[in-house]
Amino acid sequence: MKKIRNILLAMPIVLMLVNIYLIFLVAPTDINLGHIQRIFYLHVPTALLSFVVFFTVAGLSVSYLINKNKAVDRLSQALAEVGLVYVTLALITGSIWAKPVWGVWWTWEPRLTTTLILWFIYVAYVMVRSYTADTNRGSKFAAVLGIVGGINVPIVYYSVMLRSIHPGPVIGDETKLPDSMLWVLVFSLITFGVVLLALVKERHFTLYADQVISDHKLRRQQKSII
Amino acid sequence: MNLMSTLLLLLKKDLVLEWRTKEFITASLVFGMLIVVVLNFGIRLTNDQWATAGPGILWVCFILSGIIGVGRAFQNDFDNDALIGIDLLGVNRDIIFLSKTFSCLIFVFTMELVLVIPFIALLGFNPFSVSLLAVMGLFSLGFSIVSTLFVFVANQTKSKDVIMYILILPVVLPILIASVELTRELVSGYELSFTNHWIVILAGFNLVYLVICPWLFGIILDE
Amino acid sequence: MYMFLLQANLPSNLGYLSAAYFVAWIMLFGYLIFIAKKRRSLEITLENIKNEDKEL
């Protein structure tokens, strides 16, 4: 059992090292942007995964409210926490990328704004849970937020898009990515995905252990009363 | 007793309570007036600039005062566990939710109507038109639906006042954008039409949350 | 060769690039350490629980 866990922990580290090698030494330097374009392999996977994770949390939240399965709730909590780390990363790296390329740290463009709102919803999700004394209630509230957030994100995207239709710079005119870059991106996406799963697995274990310990305490209290 | 009369009865209860305590209106109006006063010293705009910046300032003012208001409005219900009591009577939970939402709607709408006056009088910016009433109505409905759910959630957490803002503001962002843009269009002389995409966003938002929020409210009222 | 000359004229922005990756590693490692610490203390508690159960 321990061996399997060690392998699972080693895999993301190995992948990450290979990923670094690919990003800095194999991927071609962008003709228009130069080396700074290499942030792309960090920014795009984290941003993409944080949205995937968030919609997964929304789905799990629906399932939790219907079936009240505690394992589902623990999984969504672990996912949301790691998702918060990822979305924070996506925002920071995006901003660092934007400064030299666009000349500003931030623009209120639909994708950026939606990501920022996603960040706020993630923060609220984690906060509501930890600020509610009763854990069952906290889980329910978090699930409610997960669902409302999942519905809200597309609406925010759409309304910000409508707002910025008139003026604004043309950003992200997607010219086709050359294959050599695409493969590095795919590899990076897989790497960050595996890292995400490893982090979620570890966080899930601590949540599970918390549950076991509190159940145990409860049983002991009941015994001592009898 | 059928659903409609139950709804009206609960609504009447909230209105009578508000009439006696005046908690929502006092809290939100005083706060809103203060924002207007502070804003006057915070910014200095020419008439042209008011036309672009004014609508945004107006709606930020509405939204912040609105949140202060709804935070107060539910206090009685929580202090006395009144919602749980009504639930135990076997009242349909959707009806409980809707009665709260509609009373909220009435309070928020009234607050907005009154708050426009100091805006015109003190800041010299007049956004008012009959069409604006429609925008205010649609916004207030969406705002009330979302905040009824979230104030209920926030009230059972440790630091209610902070959580309330963090929950409500990101979610009402789409209707805030829509209302601000609509007001801007109205101020610059456009006519309102049902096919305006901001109206569609406002209506769509209300429709979606009017379906989902009662369901979620019913689930979390369990305990 | 021509490509190389082109690239030489580009602003390298290496500061921004390294800053981004630095922040990323710090955050991921920070979160990992946070979990690892939690995990260690929980494992000790779980061990204690097992021992207590044996004694009972």
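What you are looking at is a predicted structure, and each value in this text was computed from that prediction instead of being measured. Reminder, nothing fancy here: chain letters follow the sequence lines and each chain counts from 1.
Note that OG of S61(A) and OH of Y125(A) are 4.5 Å apart. Values are rounded to the nearest 0.5 Å. Summarising the geometry, atom OG1 belonging to T113(A) is positioned 12.0 Å from atom CG belonging to L118(A); distances are rounded to the nearest 0.5 Å.
For I212(B), the part lying near chain A is the side chain, with the backbone staying farther off; criterion is any non-hydrogen pair under 4.5 Å. Residue I175(B): no heavy atom, backbone or side chain, is found under 4.5 Å from chain A. For chain A, the nearby parts of V171(B) are the backbone and the side chain; heavy atoms of each come within less than 4.5 Å. At a 4.5 Å heavy-atom cutoff, F217(B) makes no contact with chain A through either its backbone or its side chain.
Residues of residues 141-157 of chain A lying under 4.5 angstrom from chain B, judged on non-hydrogen atoms, are F141(A), V144(A), L145(A), I147(A), V148(A), I151(A), N152(A), I155(A), V156(A) by number. Of all residues in residues 50-69 of chain B, none places a non-hydrogen atom less than 4.5 angstrom from a non-hydrogen atom of chain A.
Counting non-hydrogen atoms of other residues, nucleotides and ligands closer than 6.0 Å to OH of Y131(A) gives a total of 12 or fewer. By the neighbour-count criterion of 12 heavy atoms within 6.0 Å, atom CZ of F205(A) is densely surrounded, having more than that number from other residues, nucleotides or ligands.
Looking at heavy atoms from C-beta onward, L116(A) lies in side-chain contact with F120(A) at the 4.5 angstrom threshold.
Ranked by heavy-atom pairs shorter than 4.5 Å toward chain A, the options G204(B), A178(B), P174(B), A154(B) are led by P174(B). By number of non-hydrogen pairs under 4.5 angstrom with chain A, the leading residue of V146(B), V208(B), I201(B) is I201(B).
Within the structure, side chain to side chain donor-acceptor pair (under 3.5 Å) contacts touching residues 160-170 of chain B (residues at least two apart or in different chains) are Q75(B)-K160(B).
With hydrogens and angles ignored, the 3.5 Å screen pairs no side-chain donor or acceptor of R74(A) with any backbone N or O of H204(A).
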Inset, instruction - Apply salt bridge (Lys or Arg N to Asp or Glu O under 4.0 Å) to D215(A) and R220(A), showing your working. - result: CA-CA 9 Å; D215(A) 282 355; R220(A) 281 230 336 235; over 6 Å; no
Inset, instruction - Would you please test W106(A) and S95(A) for side chain to side chain donor-acceptor pair (under 3.5 Å) and show each step? - result: CA-CA 6 Å; W106(A) 185 263; S95(A) 209; over 6 Å; no
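Contacts of F205(B) classified as ring pair (Phe, Tyr, Trp, His ring centres under 6.0 Å), with partners at least two apart in sequence or in another chain: Y209(B).
A salt bridge (Lys or Arg N to Asp or Glu O under 4.0 Å) with D73(A) is found for one member of R129(A), R137(A), K140(A), K68(A) and no other, namely R129(A).
When all heavy atoms of P45(A) and F192(A) are compared, the closest pair comes out as CB-CD1, 3.9 Å.
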